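I have placed the structure first, in the form of structure tokens, so that the comments after it can refer back to it.
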Amino acid sequence: MTIGLVDCNSFYCSCERVFKPETRGRPIIVLSNNDGCAIAFSREAKAIGFGQMCEPFFETEERIKKHKVVVFSSNYTLYDDMSKRVMTLLKNYTPELEVYSVDEAFLSLDGYDHFDLVEYGKKIRKDILKITGIPVGVGISKTKVLSKIANKLSKKSKGVWVMNTDKEIDEALKNYPVRDIWGIGSASARKLNLLGITTAYEFKMYKNENLIQKMLTKTGREVQEELRGVRCLEMEEVEAKVNIANTRSFGKDTYSKRELQEAIATFATKCAEKLRYQDSVCYGLSVFVHTNAFKEIEQYYGSGSFVFGSGTSDTIKIIKAAWHVLDQIYRPGFGYKKGGVILNHIVSKNENQLNLFNQDPSDNEKLSNVIDLINNRYGPRTIKSAACGINHAWKLRADYITKRYTTNWNEILTV
DNA sequence: TCTGGGGTCCTAGGACCC
DNA sequence: TCTGGGGTCCTAGGACCC
């Protein structure tokens, strides 16, 4: 019974660093969409006091200058591609890989007990670094929750941490704050503190399981069992998404309905592409727009939803529905700062039920598929609905964006 | 005065994650 | 001037059914 967790160190920063080797050893931060706030920090940046998730960028500019921090806008095209490379390599080290997020994956290592797991972890690290340029940490233990902890401890040693005996595990848990356990957030940590529990070890040993179930629900109870080495969270197949969203802050306050329509159409298009990519259809969507919550002005938050007669993944249909909702929620006079489209009630294309009373033949699957093909070959948005507009006055800021070195021939690295 | 019992389905909201 | 985005799971409670 062994599970490994491989996690890329400061992933976004590391991706940028691969193509800018001159930034080695220098503090790096990566900004969120719209250059709004800091979301990723290199080790050097953490060492000089950065690291607070979502700290507003403009409030840190002084410190950034002072420490000569290298700043990047986020470049998700690059990060996604680098992520795929890392994950593809990781498949070589396990019969079963669960990609948990863009920068981490669980490896089933059942039956590897006779291996020298520390050496195995070191090999994984070395190979990934050599081939992709991304440094990773490897944690190995009995359950997912424990391997998460092992992974965190790996960052403070040489990148690999294995704990498989009860002694090794208890020793680690005694110094591990309950708040830092995977699955225990601030609300649960507060409740556990009330019971006098502050370390992972105390949580593991706490005997009143019924109370834990009551206070932290099933989720919290499973975490407790996992700390005890009992597997509750299995390796999972990566399943199709149940909700698909595309939401953005606008670069400026937006008053014009026309501009909102363009933004909403763009979000809807993006959602529909993701939907088709996973061979699904949706039965409903919701749309929201709201004013700038940070300003002391009259606020308005509008949202509404739409239900389709039968499942669809047709971009045109989805845009029309989203606009219909926008018509209902738009109030003139407000400066909108944020908006989004969320698709829900998603099922596999094969399970789509046609509606007896509403057999809509306009669902143009072929058209959407051809558009996808063209956009895949010639670049995103080569062809799009005119509804999305051209100028994108609402567009976000990205003043420090790097090139798409690995996915676009025109932006390939020059040496 | 007193008001059954056993279900299912859906949704909103909380909590958590990266 | 400026404040991110995209997900999952669980539970309680309402609506509804027989």
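Quick note: numbers below take in every heavy atom, side chains included, and nothing from hydrogens, waters or symmetry partners. Note that this is a predicted model, so its numbers are computed, not measured. Residue numbers begin at 1 in each chain, while the letters A, B, ... track the order of the sequences.
- Between A/Y300 and A/Y336, the angle of the ring planes goes over 60°, which puts this pair in the perpendicular group of the 30/60° scheme.
- Distances shorter than 4.0 Å separate some side-chain N or O of A/N243 from OP1 or OP2 on C/dT8.
- Here A/K218 reaches the OP1 or OP2 of C/dC10: one of its side-chain N or O atoms lies under 4.0 Å away.
- Phosphate proximity of C/dC2 to A/K337: absent, as no side-chain N or O sits under 4.0 Å from OP1 or OP2.
- If you check every strand for non-hydrogen atoms under 4.0 Å, A/K148 touches sugar and phosphate atoms only.
- Figure legend: cation-pi geometry between A/K337 and A/F250 absent, as NZ or CZ is not positioned both under 6.0 Å from the six-membered ring centre and within 45° of its axis.
- With a 6.0 Å cutoff to the six-membered ring centre and a 45° limit on the axis angle, A/K144 counts as a cation-pi contact of A/F106.
- Among the heavy atoms of the strands, none lies under 4.0 Å from A/E55.
- Put simply, CD1 on A/I383 and OG1 on A/T269 are 12.5 Å apart, with the number rounded to the nearest 0.5 Å.
- Across all strands shown, A/S74 has no heavy atoms under 4.0 Å from either base or sugar-phosphate atoms.
- A/V242 comes within 4.0 angstrom of the backbone, heavy atoms only, and of no base.
- Salt-bridge annotation for A/K142 and A/D166: present, with a side-chain N of the basic residue lying under 4.0 Å from a carboxylate O of the acidic one.
- In this structure, A/K270 reaches neither bases nor backbone, as no heavy-atom distance under 4.0 Å exists between it and the strands shown.
- Contact annotation: A/N246 side-chain N/O to C/dG5 OP1/OP2 distance is not under 4.0 Å.
- Note on A/K274: only backbone sugar-phosphate atoms sit closer than 4.0 angstrom, heavy atoms only; bases stay farther off.
- A/E61 places its CD atom 13 Å from the P atom of C/dC2, with the value rounded to the nearest Å.
- For A/P56, taking side-chain heavy atoms from C-beta onward, the closest of the listed nucleotides B/dC18, C/dG5, C/dT3 is C/dT3.
- Residue A/T217 places none of its side-chain N or O atoms closer than 4.0 Å to OP1 or OP2 of C/dC9.
- Applying the side-chain contact (heavy atoms from CB on, under 4.5 Å) test between A/R85 and each of A/I131, A/I128, A/T406 identifies A/T406 as the sole match.
- Side-chain N/O atoms of A/S249 include none lying less than 4.0 angstrom from OP1 or OP2 on C/dT3.
- The number of heavy atoms from other shown groups lying within 6.0 Å of CD (A/E22) is above 12.
- For A/N151 and B/dC17, the CG to P distance is 15 Å, given to the nearest whole Å.
- DNA chain B lies under 4.0 Å from at least one heavy atom of each of the following residues of residues 173-187 of chain A: A/I181, A/W182, A/G183, A/I184, A/G185, A/S186, A/A187.
- Distance A/Y12 OH to C/dG4 P: 15 Å, rounded to the nearest Å.
- Among the heavy atoms of the strands lying under 4.0 Å from A/I244 are primed sugar atoms or P, OP1, OP2 only; no base atom is included.
- For the pair A/R63 and A/F50, the distance from NZ or CZ to the six-membered ring centre is under 6.0 Å and the angle to the ring normal is within 45 degrees.
- Nucleotide C/dC18: paired with B/dG5 (Watson-Crick or G-U wobble, both distances less than 3.5 Å).
- Comparing A/T219 and A/R397 along DNA chain C, the residue whose closest nucleotide (by nearest heavy atom) sits nearer the 5' end is A/R397.
- Between A/W182 and A/Y100, the ring planes are perpendicular. Angles over 60° get that label, and only those under 30° would be called parallel.
- Residue contacts for A/D103: at a heavy-atom cut-off of 4.0 Å it reaches the sugar-phosphate backbone alone, with no base atom in range.
- We find that NZ of A/K214 is positioned 19 Å from C1' of B/dG14, with the value rounded to whole Å.
- In this structure, the CD atom of A/E104 is 11 Å from the P atom of B/dC17, given to the nearest Å.
- In terms of position along DNA chain C, the nucleotide closest to A/F294 lies nearer the 5' end than the nucleotide closest to the other residue of the pair A/A245 and A/F294.
- When heavy atoms are screened at a 4.0 angstrom cut-off, A/K252 is found touching no nucleic acid atom at all.
- At least one side-chain heavy atom of A/R404 sits under 4.5 Å from a side-chain heavy atom of A/T77.
- Across all strands shown, A/Y100 has heavy atoms under 4.0 Å from sugar-phosphate atoms exclusively, and none from any base.
- Atoms CD1 (A/I39) and C1' (C/dT3) sit 13 Å apart, rounded to a whole Å.
- A/F267 places its CZ atom 14 Å from the P atom of C/dG4, with the value rounded to the nearest Å.
- For the P atoms, the distance from C/dC18 to B/dT3 is 25 Å, rounded to whole Å.
- By the neighbour-count criterion of 12 heavy atoms within 6.0 Å, atom NZ of A/K126 is sparsely surrounded, having that number or fewer from other residues, nucleotides or ligands.
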Enumerate the protein-to-nucleotides 11-13 of chain B contacts in which both atoms are nitrogen or oxygen and the separation is below 3.5 Å.
none

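- Counting to the nearest Å, the C1' atom of C/dC9 and the CD atom of A/E234 are 17 Å from each other.
- Among the atoms of the strands shown, none is found under 4.0 Å from any heavy atom of A/F57.
- In this pair, A/F306 and A/F308 present their aromatic rings perpendicular. The plane angle is above 60°, beyond the 30 to 60° band.
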